[in-house]
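Quick note: numbers below take in every heavy atom, side chains included, and nothing from hydrogens, waters or symmetry partners. Order of appearance sets the numbers: ligands from 1, and atoms from 1 within every ligand.
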Amino acid sequence: MRVYNFSAGPSTLPLEVLKKAQAEFLDFAGTGMSVTEISHRDKAFEQVVREAESLTRELLNVPDDYAVIFVQGGASTQFAAVPLNLMHGGKADYIVTGNFAKKAWQEGQIYGDAVKIGDSSDKVYTYIPDVDKLDYSPDADYVHITSNNTIFGTRYVKFPECGAPLVADMSSEIFSREIDVSRFGVIYAGAQKNLAPAGVTIVIAKRSLIQEPLKICPTMLKWKVQDENGSLYNTPPAFSIYMADLVLRDVKARGGVKAMNELAEYKSGMLYDFIDNSKLYKNDVQPKFRSIMNVPFVTGDKELDAKFVAEAKQAGLVSLKGHRLVGGMRASIYNAMPAEGVQALIEFMKKFERENA
Ligand SMILES: *Cc1c(COP(=O)(O)O)cnc(C)c1O
């Protein structure tokens, strides 16, 4: 039986996509091989990479002077790739709004002066600092943000307007909200939240910014090299890219990013409304900054939280345990989570509240 999977990542994928992948697993595109066996230089596979790229361009309205590449190593590797490609003057600003933002900032310190210009740890990362009031360094090579904070359930509602190129880790929200790509220097996202199985990371970068990576930048982390080779510089994570392509086709068929955004607003709105009106559950995030992808909540009683997670699992609602830094529960409701899944969760929450009042 398929369950409703609320995991923060790797996370649920569209059922139709899984079925399609299953159906063509043994014979991909008439090759008599699976996509995991085929040469990455084979035309049939190259077509997959090109389609994934063009769908990304189409769905996010990526300007032509931006590279769209698929690389390995997860978003965490990009924490290093960002300074290695961009930190020419040896200085960058970081806004620390959660655990991954902090890791990105710490990685930046390996390569230069990574300045923390914003930090919301004073209130357990339950808000986003006012981006209009930050002290941006006039000589920063870039400003790094984490647009959606997966663990703490916050997101930027307004992006910084700064002189330096804006770099955004969008791992847990890419393709769920309409963005103006031209406002960013670089956007990157690990696939395993909203796009595909783990193994591939998407990088969208303004080409004029990536022409001269630092001398010490490993070849594999040079976005320019990946761009010039159409993401086929070395053996790519073929299966993950193939799945990303199927998911992007699915997103397009369902009405594109606008429709995904409306669905996410609807699902998260339903859940937050229920939480705010209940006596048992609480979400501590400042309402304005609430994520529409990751919804953490607590009962205030650790034992009751554990009971909730265990009983929800019995009811076919899995991976609801919150991150160890926050505790309680977290429902990750990415693009592939149907509204029915969120409705089922709310019904379960009602029942649990009645039984444990
Ligand atoms: C999951 C996540 C990461 C880490 O991704 P990996 O692919 O595991 O390296 C980084 N940033 C954000 C916002 C995430 O949600």
Side-chain angles (χ1 to χ4, degrees), residues 5-13 69-84 94-108 110 114 118-121 125-128 142-157 159-160 166-177 179 184 186-204 218 220-221 223 226 236-237 239-241 243-244 247 264 268 285 289-296 319 321-326 330-337:
N5 173 13
F6 295 92
S7 171
S11 38
T12 192
L13 288 164
I69 54 174
F70 299 96
V71 295
Q72 307 207 38
S76 301
T77 299
Q78 297 309 310
F79 296 167
V82 168
L84 283 165
Y94 282 78
I95 306 178
V96 178
T97 52
N99 200 46
F100 292 117
K102 188 173 170 187
K103 284 183 168 168
W105 168 60
Q106 288 167 335
E107 197 74 13
I110 297 175
D119 184 343
S120 55
S121 62
Y125 298 120
T126 50
Y127 70 102
I128 302 290
Y142 59 87
V143 175
H144 182 281
I145 64 165
T146 309
S147 64
N148 183 79
N149 295 276
T150 324
I151 295 173
F152 299 92
T154 63
R155 68 162 183 163
Y156 281 74
V157 278
F159 295 118
L166 188 57
V167 175
D169 175 358
M170 294 198 178
S171 293
S172 49
E173 71 161 3
I174 194 159
F175 299 111
S176 76
R177 82 158 128 173
I179 44 165
F184 297 83
V186 177
I187 292 167
Y188 65 93
Q192 71 275 20
K193 312 285 163 63
N194 221 355
L195 182 60
V200 67
T201 302
I202 188 165
V203 180
I204 302 169
M220 278 294 289
L221 297 190
W223 295 328
Q226 299 288 356
F239 186 71
S240 296
I241 295 176
M243 290 292 284
V247 169
S268 60
V285 172
F289 300 113
R290 283 171 166 177
S291 169
I292 59 173
M293 293 280 104
N294 310 96
V295 181
S319 299
K321 192 171 188 293
H323 190 279
R324 66 198 141 75
L325 292 174
V326 182
R330 170 177 48 170
S332 293
I333 49 176
Y334 299 119
N335 286 349
M337 172 60 66

Worksheet item: Can you check whether Thr77 has an N/O within less than 3.5 Å of an N/O in ligand 1?
Response: no

Worksheet item: Is a side-chain N or O of Ser11 found less than 3.5 angstrom from the main chain of Gln192, in a donor-acceptor match?
Response: yes

Item to complete: Check ligand 1 against Thr150 and write out every atom of the ligand that is under 4.0 Å from a heavy-atom position of the residue.
Response: 12 (C), 13 (C), 14 (C), 15 (O)

Worksheet, complete the sentence: One finds that the ligand 1 atoms under 4.0 Å from a non-hydrogen atom of Gly74 are 7 (O), 9 (O)

Worksheet item: If we only count N/O pairs under 3.5 Å, is Thr146 in contact with ligand 1?
Response: no

Fill in: Check: Asp169 N/O within less than 3.5 Å of ligand 1 N/O
yes

Worksheet item: Counting N and O atoms only, with roles assigned by atom type, does the side chain of Tyr125 sit under 3.5 Å from a partner on the main chain of Val285, one being a donor and the other an acceptor?
Response: no

Worksheet item: So, Thr146 side chain and Asp169 main chain: donor-acceptor pair closer than 3.5 Å or not?
Response: no

Practice prompt. Starting from atom 9 (O) of ligand 1, find the nearest protein heavy-atom neighbour and note its residue, name and distance.
Written response: Ser76 OG, 2.6 Å

Worksheet item: Considering only the protein, which heavy-atom contact is closest to atom 14 (C) of ligand 1, and what is its distance?
Response: Lys193 NZ, 2.9 Å

Item to complete: On the 0 to 90° scale, with breaks at 30° and 60°, tag the Tyr142-Tyr94 ring pair as parallel, tilted or perpendicular.
Response: perpendicular

Worksheet item: Does NZ or CZ of Lys102 lie under 6.0 Å from the centre of the six-membered ring of Phe152, at an angle within 45° of the ring axis?
Response: no

Discussion item. Return the closest protein heavy atom for atom 7 (O) of ligand 1 as residue, atom name and distance.
Written reply: Gln192 NE2, 2.9 Å

Worksheet item: Within the side chain of Asn194, is there an N or O that forms a donor-acceptor pair under 3.5 Å with the backbone of Asn335?
Response: yes

Item to complete: Give the residue, atom name and distance (to 0.1 Å) of the protein heavy atom nearest atom 4 (C) of ligand 1.
Response: Phe100 CE2, 3.5 Å

Worksheet item: So, Gln78 versus Thr201: side-chain donor-acceptor pair below 3.5 Å or not?
Response: no

Worksheet item: Is ligand 1 under 4.0 Å from a heavy atom in the side chain of Met170, in the backbone, in both, or in neither?
Response: neither

Worksheet item: Parallel, tilted or perpendicular: which describes the rings of His144 and Phe79, with under 30° parallel and over 60° perpendicular?
Response: perpendicular

Item to complete: Closest by any non-hydrogen atom to atom 5 (O) of ligand 1: pick that one out of Pro10, Ala101, Ala75, Ser171.
Response: Ala75

